[in-house]
Amino acid sequence: MEIVEDIVIAGAGLAGLTTALGLHRLGIRSLVLESSDSLRVAGFAILTWSNAWKALDAVGVGDTLRLKHERLQRFLVHSLVSGEVTSELAFKGHEVRCLKRRFLIEALEQELPRGTIRFSSKVVSIEESGHFKLVHLADGTIIKTKVLIGCDGVNSVVAKWLGLDTPVFTGRSAIRAYADVKGGHGFEPQAFQFFGNGVKTGFLPCDDETVYWFLTYTPSIQDKDMEDNPTKLKQFALSKIGNLPDQLKSIVESTELDNIITSPLRFRRPWELLWGNISKGNVCVAGDALHPMTPDIAQGGCSALEDGVVLARCLAEALSKPGDEEWKRIEKGLERYAKERRWRSFELISTGYIVGIIQQSSGKIMNFLRGKILSQFLVGLMLGRAGFDCGKLSA
């Protein structure tokens, strides 16, 4: 069976849904292909900086999400070795919230026209057909499209078609989890992070009752058997946070086992984006398909939202301009998008990787430097990357 669509987006994650909603706001229909049978909400929560809120406001869902999530006022960084506060930074002039991923995904999806997302539609291959692309699905369906946008994650079929390399393992992993505290967790609206002894952990309130927490670590061979065992993951996390205040440790202790996951941290080598194909003809990539990065500056989800706004704007402008044949305008529009996102993606991947190495490194010298010199600098670096403005949907 062959279906014909003007614009096909592979992946109903943050980048895919934001792009689809941006196009919808501009009067352009798209079809989103999602490989799973429902919306994917793995990851639990996303720290959203000012740049993410500019993108969410651009597509018209910012205010809805603000009502459900607490605005964080400051960032406290502690040493896991000494327990002392190494830096404290107020979020003055920055809007920072920890969003429940499910609420964010649903807010984007609910604004789309019915039928925009086609579930159980896994892309397995791509074929050329003149100025069109033939998208082959696992169920045998073939979709003929004028534009193909790959938002299909770190294992992107579209990125592979463009010639981008498979993202590489950093040698680090992350435990992600959340705890629901009935009656309220009692924390002030602030983010906590702790570094030292080869790990990094953080706690971020989403609302009055939910706290998202994480722990990044370098797994050993012995740690392999705990990857699919939430009981062991919880025990491992507790073994690494002995110097934390009891109130924070109780969050880990009270976390339900179903709310704990772990995954290896992968990233795209940043220099690949300087000469690799972000777009080619009528095909491009966005989100984790473009710039998989470590979570150390909390910009993976934020930059995916940026991608969606920029891509929708560039594509809509290209389609609305008179002059060249449509296929040529599409190609130019995607080239403009690639130009706008290339250096931004390079910068975020590189910054995240370097920050992660510094934050998670162990040793007396590094502990001293991080605690006395580098901590304030690293927090300031995170805020600096959050000052980006992706712009409005209409130029």
Side-chain angles (χ1 to χ4, degrees), residues 13-19 42-59 62 65 69 71-72 75 77 89 91 93-101 104-105 108 151 153-154 167-168 170 172 174 176 191 193 195 200 202 204 206 212 214 216 263 265-273 278 285-311 337 340-360 377-391:
L14 292 182
L17 292 179
T18 304
T19 303
F44 302 133
I46 297 170
L47 184 62
T48 48
W49 301 86
S50 297
N51 56 313
W53 288 101
K54 290 182 175 71
L56 291 169
D57 285 336
V59 295
L65 291 164
H69 298 87
R71 182 167 181 170
L72 302 180
F75 194 77
V77 180
L89 189 66
F91 290 139
H94 289 268
E95 182 173 7
V96 185
R97 288 178 167 87
C98 187
L99 298 190
K100 294 180 181 179
R101 183 180 174 88
L104 175 52
I105 291 290
L108 295 168
C151 302
V154 294
V168 296
T170 63
R172 301 163 57 214
R176 298 177 174 94
Q193 280 203 3
F195 311 126
K200 177 178 73 170
L204 303 102
C206 296
Y212 169 69
F214 65 87
T216 62
S263 58
L265 299 181
R266 292 189 282 171
F267 79 121
R268 188 176 302 290
R269 294 184 177 94
W271 54 85
E272 186 183 354
L273 295 180
I278 295 176
V285 284
D288 281 345
L290 167 61
H291 46 59
M293 64 186 75
T294 62
D296 301 287
I297 58 171
Q299 280 292 343
C302 298
S303 56
L305 297 171
E306 293 176 10
D307 290 342
V309 173
V310 175
L311 180 50
Y337 157 76
E340 286 196 37
R341 300 306 294 167
R342 190 180 301 276
W343 180 252
R344 172 68 171 166
S345 300
F346 175 90
E347 175 187 59
L348 292 178
I349 294 173
S350 302
T351 303
Y353 185 77
I354 293 169
V355 168
I357 290 176
I358 295 173
Q359 289 179 337
Q360 200 173 312
F377 168 75
L378 294 176
V379 174
L381 193 64
M382 294 169 70
L383 286 177
R385 297 295 180 261
F388 184 84
D389 188 350
C390 64

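Only heavy atoms go into these numbers, but all of them, side chains included; no hydrogens, no water, no symmetry mates. Nothing here was measured: the structure is a model prediction, and the numbers come from that model.
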Are Glu95 and Trp53 packed together at the side-chain level, in the sense that at least one heavy-atom pair is separated by less than 4.5 angstrom? yes
Going by heavy atoms in the side chains, are Ile278 and Tyr337 under 4.5 Å from each other? yes
What are the two closest heavy atoms between Ala191 and Leu72, and how far apart are they? CB-CD1, 4.3 Å
Are Arg172 and Asp296 close enough, and set up right, to give a side-chain contact (heavy atoms from CB on, under 4.5 Å), and what steps lead you there? CA-CA 11 Å; Arg172 301 163 57 214; Asp296 301 287; 2.8 Å; yes
Contacts of His69 that satisfy ring pair (Phe, Tyr, Trp, His ring centres under 6.0 Å) - sequence neighbours left out: Phe103
Please give me the minimum heavy-atom distance between Gly13 and Ile105, naming the atom from each residue. C-CD1, 4.1 Å
Would a distance-only check, ignoring hydrogens and angles, find a side-chain to backbone donor-acceptor pair under 3.5 Å from Thr216 to Ala174? no
Counting C-beta onward and ignoring hydrogens, is there a side-chain heavy-atom pair between Met293 and Ser303 closer than 4.5 Å? yes
Heavy-atom distance under 4.5 Å between the side chains of Asp389 and Asn51, does that happen here? no
Just to verify, what does Asp288 make a salt bridge (charged side-chain N to carboxylate O under 4.0 Å, His left out) with, not counting sequence neighbours? none
Which distance, rounded to the nearest 0.5 Å, do you find between the CG of Leu305 and the SG of Cys390? 8.5 Å
Using side-chain heavy atoms (C-beta onward) and a distance below 4.5 Å, is Phe214 in contact with Leu204? yes
Contacts of Arg341 that satisfy salt bridge (charged side-chain N to carboxylate O under 4.0 Å, His left out) - sequence neighbours left out: Glu306, Asp307
What's the spacing between Cys302 SG and Leu47 CG if we round to 0.5 Å? 6.5 Å
Assess Arg344 against Phe388: is NZ or CZ under 6.0 Å from the centre of the six-membered ring, and within 45 degrees of the ring's axis? yes
For Arg342, does the CZ atom have more than 12 heavy-atom neighbours from other residues, nucleotides or ligands under 6.0 Å away? yes
Give a yes-or-no answer on whether the side chains of Arg385 and Thr351 include a donor-acceptor pair shorter than 3.5 Å. yes
Do Leu56 and Leu99 pass the side-chain contact (heavy atoms from CB on, under 4.5 Å) test, and can you show the C-alpha distance, the side-chain angles, and the key distance before you say yes or no? CA-CA 12 Å; Leu56 291 169; Leu99 298 190; 4.2 Å; yes
Polar side-chain atom of Thr48 near backbone of Arg97 as donor-acceptor pair, under 3.5 Å: yes
With side chains defined as the heavy atoms from C-beta onward, is the minimum distance between Pro295 and Arg176 less than 4.5 Å? yes
Are Thr19 and Val309 side-chain neighbours, meaning at least one heavy-atom pair lies under 4.5 Å? no
Taking only residues two or more places apart in sequence, or in another chain, which ones meet Ala304 in a side-chain contact (heavy atoms from CB on, under 4.5 Å)? Leu14, Ala15
Side chain to side chain donor-acceptor pair (under 3.5 Å), that's the test. Do Arg268 and Ser345 meet it? Break it down for me. CA-CA 10 Å; Arg268 188 176 302 290; Ser345 300; over 6 Å; no
So, for Gly308 and Thr18, which heavy atoms are closest and what is the spacing to 0.1 Å? CA-CG2, 3.9 Å
Ring pair (Phe, Tyr, Trp, His ring centres under 6.0 Å) involving Tyr353 - partner list, sequence neighbours excluded: Phe267
Salt bridge (charged side-chain N to carboxylate O under 4.0 Å, His left out) partners for Lys100, two or more places apart: Asp207
The reported gap from CG in Leu104 to CG in Leu65 (rounded to nearest 0.5 angstrom) is 6.0 Å
Looking only at non-hydrogen atoms, find the nearest pair between Ala45 and Cys98 and report the distance. CB-SG, 3.8 Å
For the rings on Phe91 and Trp49, is their centre-to-centre separation under 6.0 Å? yes
For Arg266 and Thr294, which I'm curious about, is there any donor-acceptor pair between the side chains at under 3.5 Å? no
